[in-house]
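Reviewing the structure listed below.
Proteins come first, then strands; the chains are lettered A, B, ... in the order of their sequence lines, and each starts at number 1.
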2 protein chains.
Amino acid sequence: MAYRETERGKARKEKTRQQILQATAELVDASGFRLVQMAQIAERAGIAAGTLYRYFASKEALFADYFRRATEQEVRQVAAALQEPGQSSERVEAGLRVFARRALLKPRTAWALIAEPVDPAVDEQRLRYRQRYARLFEQVISFGIDHGELPHQDARLTSTAMVGALAEALVGPLAEPPAQNETTIDHIIAFCLAGLTRKEYPQ
Amino acid sequence: MAYRETERGKARKEKTRQQILQATAELVDASGFRLVQMAQIAERAGIAAGTLYRYFASKEALFADYFRRATEQEVRQVAAALQEPGQSSERVEAGLRVFARRALLKPRTAWALIAEPVDPAVDEQRLRYRQRYARLFEQVISFGIDHGELPHQDARLTSTAMVGALAEALVGPLAEPPAQNETTIDHIIAFCLAGLTRKEYPQ
DNA sequence: CAAAGAAGTGAATCACGATTCATTTCTTTG
DNA sequence: CAAAGAAATGAATCGTGATTCACTTCTTTG
């Protein structure tokens, strides 16, 4: 007899898999999904192009996996901020702030996760990602409405608008890097909170 | 002697050029920039693929030209709405409403113009487009601030946030077609106006 | 109408980058 | 260490869709 999969071998493969995902993350952060090539990923991960296909069935599958992991992190961070004790509006503010700070930390990655158009498999992940965000904010807003802390409103629409405002102001094409700092975050959050706590509504 | 360019010939060429741009518009509205192929455009315009290249140097050049014309229309409409008489907030509201209605009329086109990633030449046009929008809204907001109709604020940041909120709520991945109607527009505009007219600001 | 030149055609070419796979190298086990 | 199997390699292949260009058709003019 001879070779059989061993613990050590399994660990080695896991390490390579992580290197591939790490290389993907770095390249996406540098240029977004569209411009990243499999050959580049392989080179940065220190392996041959063909080897990628021993770990991921296709480019789309690799991107989808990377996307899922990356957004999982983001959602977790924002969810944690939203769970902090306080008034609903304070909790929403904390969530927005975490979202904004993380976006500024890696603007291109944020853009890739939020807005860049991608292949169907990745796009499905993005829909899930957005839905999870929407639900997180929605829950807090709905709680606030039910407990009289926030005026009645369409919780989903508000949370969608807030995410859009943040994303556009922080990573959109008009958002020039030098202008983005904590003050910018404060302004944009103030804008969102005004919309969240507004008193008059149509109908 | 023989052939020389004539008025009639010039008109015929102009008509073909318009057909190409019209075909491009229809296809972009159906699927966005990324999926539109030169062969499709030629077929829909009723000409051969090669003929496209007698009118436009490349796909990128064609798209950039289409983009420029399309956004020119949009900007003109919004600019007209912003010029209507009234309080600054009313003028901003009118501008947002035109922006929103037109986006809902052709959601895919709106998405292509606002958010879809594109080649560099088209992207540059998009930057101009965004800047023009930003300036239009900015002017009105700045006027409002100067005349005491609006609280002091970063006019550019506010206008960027408003466009982001609108775009996300109306054409983003979570914006489901059946949910989009005049009521949705009213809600999202109310959100934006609250941010525009808010009383407290950071610092 | 014939000649000159413009415009149109579409099959062939080209560019690009993902994917394959025959071959080589590495790991494990007795 | 040798054999067996796993994993890695990277040059060659493949698919896709933009672009070219030799040829055909149409327009104009004298």
By a strict heavy-atom criterion of less than 4.0 Å, which residues belonging to residues 13-37 of chain B are in contact with DNA chain D?
->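 Of all residues in residues 13-37 of chain B, the ones placing a heavy atom under 4.0 Å from DNA chain D are B:V36, B:Q37.
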Heavy-atom contacts under 4.0 Å between residues 43-64 of chain A and DNA chain D, which residues?
->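 Heavy-atom cutoff 4.0 Å gives A:I47, A:A48, A:G50, A:T51, A:R54, A:Y55.
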N/O (side chain, B:R12) to phosphate O (OP1/OP2, C:dG8) under 4.0 Å =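 Answer is no, no contact under 4.0 Å.
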Kindly indicate whether a cation-pi arrangement holds for B:R91 with B:F143, taking the cut-offs as under 6.0 Å to the six-membered ring centre and within 45° of the axis.
->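 Ring-cation test returns yes.
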Consider only side-chain N and O atoms of [X] and [Y], and report whether a donor and an acceptor are under 3.5 Å apart.
{"X": "B:T183", "Y": "B:D186", "answer": "no"}
{"X": "A:E26", "Y": "A:Q22", "answer": "yes"}
{"X": "A:S159", "Y": "A:E138", "answer": "no"}

Answer yes when B:E90 and B:R97 have at least one side-chain N-carboxylate O distance shorter than 4.0 Å, and no when they do not.
->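 No, B:E90 and B:R97 are not salt-bridged.
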Got a salt bridge between A:E72 and A:R76, using NZ or NE/NH1/NH2 to carboxylate O under 4.0 Å?
->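 A salt bridge is present here (some side-chain N lies under 4.0 Å from a carboxylate O).
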Rounded to the nearest Å, what distance is computed from the [atom1] atom of residue [X] to the [atom2] atom of nucleotide [N]?
{"X": "A:K10", "N": "C:dT28", "atom1": "NZ", "atom2": "P", "answer": "13 Å"}
{"X": "B:M38", "N": "D:dT19", "atom1": "CE", "atom2": "P", "answer": "6 Å"}
{"X": "A:I41", "N": "C:dG17", "atom1": "CD1", "atom2": "C1'", "answer": "12 Å"}

Backbone N/O of A:V36 and side chain of A:K59: donor-acceptor pair under 3.5 Å =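 Flag set: sc A:K59 to bb A:V36 pair under 3.5 Å.
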Is the side chain of B:R108 donor-acceptor paired with the backbone N or O of B:V28 at a distance under 3.5 Å, no angle test?
->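 It does not hold such a pair.
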Considering the terminal five base pairs at each end of the helix from C:dC1-D:dG30 to C:dG30-D:dC1, what angle separates the two local helix axes, rounded to 10°?
->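 Result, rounded to 10 degrees: 0°.
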Validation row, ring centre A:F63 to ring centre A:F56 under 6.0 Å =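 No; A:F56 has its ring centre 6.0 Å or more from that of A:F63.
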Validation row: A:R198, A:T158 side chains within 4.5 angstrom (heavy atoms) |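 A:R198 vs A:T158: side chains touch.
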